[in-house]
Amino acid sequence: MAVLQSVVRYAYAPFVLLFFPSVAIAIVAGGGAAIELGGLFLVAVGLSFAAEAISPYEQTWNKERADRARDFAHAVVNEGSVALSVLAIPLIAAQIPWSGVWPGDWSLGAQLALAILVADAGITLAHRASHRLPILWRFHAVHHSPTRMYGLNGLLKHPLHQGFETLCGTTPLVLLGMPIDVAMLLGFAAAVQLLLQHSNVDIRIGPLVHVWAIAPGHRHHHRADGHRGDVNFGLFTTFWDHLLGSYASGADAPRDGELGAVGRADYPTPYLRQLIEPFRFGR
């Protein structure tokens with residue numbers, strides 16, 4: 001068992017990074033539809049649960065806290081909204097006269113890499129603003145409400161805030177003429193990245209922790225301590241956090257009892273109440 005735990009610690013994250021996007025690219029290149037990417041993502045979710053069971057960062061985070069059904073609801077609604085927004089891209093692109101500047105002659109993998117780099121900038125800045133502006137924080141606080149971190153609750157977001165981040169991350173890409181197949185891959189890559197970013201696996205990636213925005217660094221961001229948690233906003237990379245002075249790392253990542261929405265230990269946990277909570281301005 002110790003050997004298997006070590007394999008998971010060191011190989012899980014690199015395997016996910018290399019395997020799932022590669023298969024997704026092959027699916028899209030072969031004319032596959034969004035439903036096939038959805039099936040592949042379910043495989044990624046299953047692998048996430050298995051890896052967390054074998055080599056957890058915090059054993060107690062593997063125990064359900066009457067939150068798993070809620071987290072599945074968030075995942076279904078939010079990923080469904082991403083799929084629907086992808087369908088709108090051709091309609092938007094048709095209205096943009098300069099949309100032909102997108103490098104469509106590049107390989108799908110290269111186009112996806114470009115999309116990730118551009119989207120990462122917009123999403124990082126939107127995320128940072130969501131911790132600075134009270135009106136945005138009201139909606140983003142939903143994402144910070146869990147008291148445990150595990151892969152699936154990376155997809156726990158208020159739909160309106162999900163839309164805001166998506167808009168900030170993809171508007172430059174749509175204006176450049178990003179095709180629908182690249183948009184599908186970008187949505188898939190973001191969902192898989194969120195699994196890694198919130199994973200309860202005891203991930204060991206060495207110096208890559210300083211550039212790759214996954215769980216070892218992102219756990220610092222979910223502290224209930226507002227000052228110490230105001231770091232590591234990047235989705236895919238830590239590049240913008242280094243540039244903006246908001247990067248943090250170290251062995252003092254939070255453990256059980258140290259997570260949650262700042263100043264809201266009483267944050268509601270049911271799905272529908274979380275959708276309503278941002279509109280309760282008396283709180």
Side-chain angles (χ1 to χ4, degrees), residues 4 7-55 71-72 74-87 89-90 102-120 123 150-157 162 166 169-170 173 178-201 203-205 208 211-216 218 234-237:
L4 181 58
V7 169
V8 170
R9 286 188 188 112
Y10 291 98
Y12 168 67
F15 174 80
V16 170
L17 174 68
L18 296 174
F19 176 78
F20 286 99
S22 297
V23 174
I25 289 170
I27 288 173
V28 171
I35 189 68
E36 294 173 77
L37 291 182
L40 181 62
F41 180 66
L42 290 178
V43 174
V45 172
L47 181 61
S48 174
F49 280 123
E52 289 170 340
I54 294 168
S55 185
D71 294 347
F72 270 105
H74 276 289
V76 170
V77 170
N78 291 332
E79 291 310 298
S81 68
V82 169
L84 289 174
S85 64
V86 167
L87 295 177
I89 286 178
W102 182 264
D105 55 337
W106 293 8
S107 69
L108 268 180
Q111 291 182 62
L112 174 59
L114 173 62
I116 285 174
L117 290 175
V118 174
D120 195 45
I123 292 172
Y150 72 106
L152 188 66
N153 69 5
L155 301 172
L156 188 157
K157 298 183 179 183
Q162 163 96 352
T166 300
T170 61
L173 296 168
M178 176 181 62
I180 193 168
D181 53 356
V182 178
M184 289 168 55
L185 289 170
L186 177 61
F188 177 84
V192 170
Q193 176 68 10
L194 286 167
L195 287 180
L196 287 174
Q197 195 170 63
H198 297 80
S199 175
N200 187 31
V201 176
I203 294 172
R204 312 288 178 89
I205 54 171
L208 285 177
V211 295
W212 189 10
I214 60 174
H218 195 67
L235 173 57
F236 290 101
T237 75

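- Note that CD of Glu79 is 10.5 Å distant from CG of Leu42, once rounded to the nearest 0.5 Å.
- Between Arg204 atom CZ and Tyr10 atom OH the span is 5.0 Å, to the nearest 0.5 Å.
- Looking at Leu47 and Tyr12, their side chains come closer than 4.5 Å, going by heavy atoms from C-beta outward.
- When every heavy atom of Gln111 is checked against every heavy atom of Pro179, the shortest pair comes out as OE1-CG, 3.8 Å.
- Between Ser199 and Ala215, the closest heavy-atom pair is O-CB, 3.5 Å.
- Using a 4.5 Å heavy-atom threshold, the side chains of Leu114 and Met178 count as separate.
- Atom OG of residue Ser55 and atom CG of residue Asn200 lie 9.0 Å apart, to the nearest 0.5 angstrom.
- Note: Phe188 and Phe20 have tilted aromatic rings, judged against thresholds of 30 and 60 degrees for the angle between ring planes.
- Judged by distance alone, with hydrogens and angles left aside, the side-chain atoms of Glu52 form no donor-acceptor pair with the main-chain N or O of Tyr150 at under 3.5 Å.
- Proximity of Leu112 to Leu108: side-chain heavy atoms (C-beta onward) are nowhere separated by under 4.5 Å.
- Shown here is Leu4, whose CG atom has more than 12 heavy atoms of other residues, nucleotides or ligands within 6.0 Å.
- The shortest distance between side-chain heavy atoms of Leu235 and Asp120 falls below 4.5 Å.
- No side-chain donor-acceptor contact under 3.5 Å links Asn78 to the backbone of Gln162.
- Minimum interatomic distance between Ala189 and Ile116 (heavy atoms only, all atoms of both residues): CB-CD1, 4.3 Å.
- Distance CD1/Ile203 to CD1/Ile214: 4.5 Å, rounded to 0.5 Å.
- Legend: salt bridge (charged side-chain N to carboxylate O under 4.0 Å, His left out) pairs involving residues 7-16, not counting sequence neighbours, sorted by first then second residue: Arg9-Asp202.
- Within the 4.5 Å cutoff, the side chain of Leu186 has heavy atoms near those of the Leu173 side chain.
- Under the side chain to side chain contact (heavy atoms under 4.5 Å, CB included) test applied with Leu194, the options Asn153, Leu152, Leu155 reduce to a single match, Leu155.
- When atom types are taken as modelled, the side chain of Gln197 and the backbone of Ala213 share a donor-acceptor pair closer than 3.5 angstrom.
- Across Phe41 and Ala191, no two heavy atoms sit closer than the pair CE1-CB, 3.6 Å.
- Gly169 approaches Ile123 most closely through the heavy-atom pair CA-CG1, 3.8 Å.
- Leu195 has its side chain out of reach of Val16: every pair of non-hydrogen atoms, C-beta onward, lies at least 4.5 Å apart.
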